[in-house]
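Just so we're on the same page: letters track the sequence lines, and every chain starts at 1.
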Protein chains: 2
Amino acid sequence: MSPSFPKSYKVACSNCNLRELCMPMGLSEAELRYIDEMVGSRRKVPRGDPLFTHGDPFKALYAIRTGFFKTTVTAQDGRDQVTGFQMAGEVVGLDGIVHDRHTCDAIALEDSEVCVMPYDELEALSREVTALQNHVHKIMSREIVRDQSMMLLLGSMRAEERLAAFLLNLVQRLHARGFSPLELVLRMTREEIGSYLGLKLETVSRMFSKFAEQGIVEVRQRHVRILDTVALQQLVSQHHPE
Amino acid sequence: MSPSFPKSYKVACSNCNLRELCMPMGLSEAELRYIDEMVGSRRKVPRGDPLFTHGDPFKALYAIRTGFFKTTVTAQDGRDQVTGFQMAGEVVGLDGIVHDRHTCDAIALEDSEVCVMPYDELEALSREVTALQNHVHKIMSREIVRDQSMMLLLGSMRAEERLAAFLLNLVQRLHARGFSPLELVLRMTREEIGSYLGLKLETVSRMFSKFAEQGIVEVRQRHVRILDTVALQQLVSQHHPE
DNA sequence: CGCACAGTTGATCACCGTCAATGAAAGTGG
DNA sequence: CCACTTTCATTGACGGTGATCAACTGTGCG
């Protein structure tokens with residue numbers, strides 16, 4: 001590894017601490033430099049602001065550097081549903097590719113910063129760098145698999161199972177980013193959790209209370225401490241008997 | 001257009017009648033020939049048989065030439081859920097890219113035939129043919145958007161809204177393939193519809209009966225005739241008031 | 001300090017799941 | 001070709017889960 005200082009304050013992909021999360025492995029120096037070049041700019045998104053909204057022309061994918069986002073889809077009648085929560089190292093914007101317009105909203109749940117990857121440049125570069133092409137495909141495929149497991153959750157799990165799965169998924173992802181696997185601070189409201197899980201906010205609140213009563217978690221507002229991971233896992237995998 | 005006879009009985013992409021469904025537009029002769037070459041083989045899948053199942057090593061994407069498929073995901077505890085129904089011109093197998101293994105099952109609901117597109121060859125060729133690269137990305141993005149609208153359906157719609165949306169989606173896709181927009185033959189059981197929509201088969205049956213009573217559809221087993229498309233559309237877009 | 005918002009908890013109810021019985025269709029083998 | 005079995009579909013009665021409505025509490029920010 002031959003270190004080279006970045007030309008400016010701007011952090012380059014080549015020495016970004018999220019590299020193993022959002023970059024393919026085993027790139028050459030030259031390839032990394034190309035990618036640095038493609039990821040032209042950063043963009044700060046203050047809490048509550050949209051990174052993009054449905055209808056916006058699609059121009060780029062965004063890798064989250066810091067912060068936390070939710071994505072929501074909106075039905076014709078105006079009601080919307082949270083389709084995901086994204087954290088550092090994850091990519092948003094894939095929905096826009098089909099129709100050259102975004103079909104969902106991405107809203108920052110805390111002050112955030114994203115790396116802008118102009119789509120045409122990304123396509124061009126991934127024609128040159130096989131590892132990047134493969135990486136992009138894997139990211140899209142991962143999203144498809146994730147969405148399908150959400151369909152399973154929404155279609156066949158009960159409230160407590162959904163919330164248990166949600167908590168486990170969150171801590172697992174946070175753990176992969178160096179945080180505690182037993183403690184987390186929720187960045188979203190009960191209503192947003194409910195929307196994501198196909199439940200009403202009151203139900204989410206009730207399930208939290210229930211878990212707390214059973215000694216599975218400790219809940220103080222948005223601060224959650226997991227006391228019994230195994231119990232949560234059993235809740236998820238023990239669907240109501242056939 | 002300079003016609004050239006295929007070397008064998010094997011139908012080539014270049015003169016497949018599904019071309020506009022599964023191929024990018026505006027390809028050159030040479031590019032089309034490359035694609036013909038990549039789509040090496042066909043595979044027949046008899047009704048009830050799997051095209052692939054979860055755990056199978058991922059080697060190829062499959063374009064459906066004839067027939068009808070369902071895809072299902074399976075939870076740890078063994079319960080599964082239908083995540084989609086696919087018809088001619090649609091692509092299955094995208095789930096396998098992330099982990100080099102399929103994560104869902106694809107089962108033929110009628111005798112079917114698919115075009116096998118070996119994934120490494122597809123990747124290689126889409127590095128050469130920009131239109132193909134773009135096409136593959138759009139297909140994946142479309143799948144993501146579709147899955148997210150299913151999440152909306154499963155998370156926020158009631159039984160009758162779900163079934164209405166399902167029927168409208170089916171006839172719309174069939175219509176795009178030259179079939180009647182008012183009549184369809186379901187290729188799946190009530191249970192499979194229910195699994196897809198997050199409902200029990202009895203509920204699906206009841207909703208069919210209810211629609212029939214209201215004069216919205218005519219149902220005889222798997223044969224469905226739509227009498228009032230507008231009513232169905234209104235059902236979908238009129239979520240229960242907030 | 002007060003106001004808006006987020007969260008909790010209780011009472012009631014509706015939708016849909018469950019259980020069960022029946023009927024229709026389709027495939028099977030004599 | 002017709003009994004037989006199996007699968008699929010319909011319908012009814014009942015109950016449970018989670019939605020709805022409502023009141024109250026806690027928290028953070030201006």
Establish, with yes or no, whether the OP1 or OP2 oxygen of D:dT11 is under 4.0 angstrom from a side-chain nitrogen or oxygen of B:R206. no
Please determine which of A:T83, A:D95, A:D105, A:T103 meets the side-chain hydrogen bond (donor to acceptor under 3.5 Å, both in side chains) test together with A:T71. A:T83
Assess whether a salt bridge exists between B:E183 and B:R225, defined as any Lys/Arg side-chain N lying under 4.0 Å from an Asp/Glu carboxylate O. yes
Would you say A:S205 places a side-chain N or O within less than 4.0 Å of OP1 or OP2 belonging to C:dT9? no
Does a side-chain N or O from A:T203 land closer than 4.0 Å to OP1 or OP2 of D:dA19, or not? yes
Please give, in whole Å, the distance from C:dG17 P to B:L197 CG? 11 Å
5′-ward residue of the pair B:E202/B:R47 relative to DNA chain C: B:E202
Axis deviation across the helix from C:dC1-D:dG30 to C:dG30-D:dC1, five-pair ends, to the nearest 10°: 40°
Is A:L201 touching bases, backbone alone, or none of the nucleic acid, heavy atoms closer than 4.0 Å? base
What is the distance from CD of A:E213 to P of C:dG10, rounded to the nearest Å? 9 Å
Is it true that B:E90 and B:R177 have a side-chain N and a carboxylate O under 4.0 angstrom from each other? yes
Take B:R222 and A:G198, find for each the nucleotide of DNA chain D with the closest heavy atom, and name the residue whose nucleotide sits nearer the 5' end. B:R222
Hey, is the side chain of A:E191 pairing donor to acceptor with the base of C:dC5 inside 3.5 Å? no
Checking side-chain contact (heavy atoms from CB on, under 4.5 Å) against A:V145, which of B:L94, B:I97, B:V98 comes through? B:V98
Are any of B:S209's side-chain N or O atoms less than 4.0 Å away from OP1 or OP2 of D:dT10? no
Shortest side-chain distance from B:R158, nucleotide among C:dC16, D:dG18, C:dA6: C:dC16
Rounded distance in Å - CZ (A:F208) to P (C:dA6): 16 Å
Where does the angle between the aromatic ring planes of B:F58 and B:H102 fall among parallel (under 30°), tilted (30 to 60°) and perpendicular (over 60°)? perpendicular
Nearest-nucleotide comparison on DNA chain D, the residue closer to the 5′ end among A:Q221 and A:E160: A:E160
Taking 4.0 angstrom as the limit, do B:E110 and B:R47 come out as a salt bridge? no
Rounding to an integer number of Å, can you tell me how far A:E192 CD sits from C:dC5 P? 14 Å
Distance in angstrom units between B:K200 NZ and D:dT10 C1', rounded: 17 Å
Nearest whole angstrom, please: distance from the C1' of C:dG10 to the NZ of A:K210. 16 Å
Test: A:R146 and A:E143 ion pair at under 4.0 Å: yes
Using heavy-atom distances to pick each residue's nearest nucleotide on DNA chain C, tell me which of A:V204 and B:L199 is more 5'. A:V204
Roughly how many Å is it from CZ in A:R220 to C1' in C:dT8, rounded to a whole number? 16 Å
Here the distance between atom C1' of D:dG18 and atom CD of A:E161, to the nearest Å, is 14 Å
Pairing of A:R158 and A:E160 as salt bridge, 4.0 angstrom limit: yes
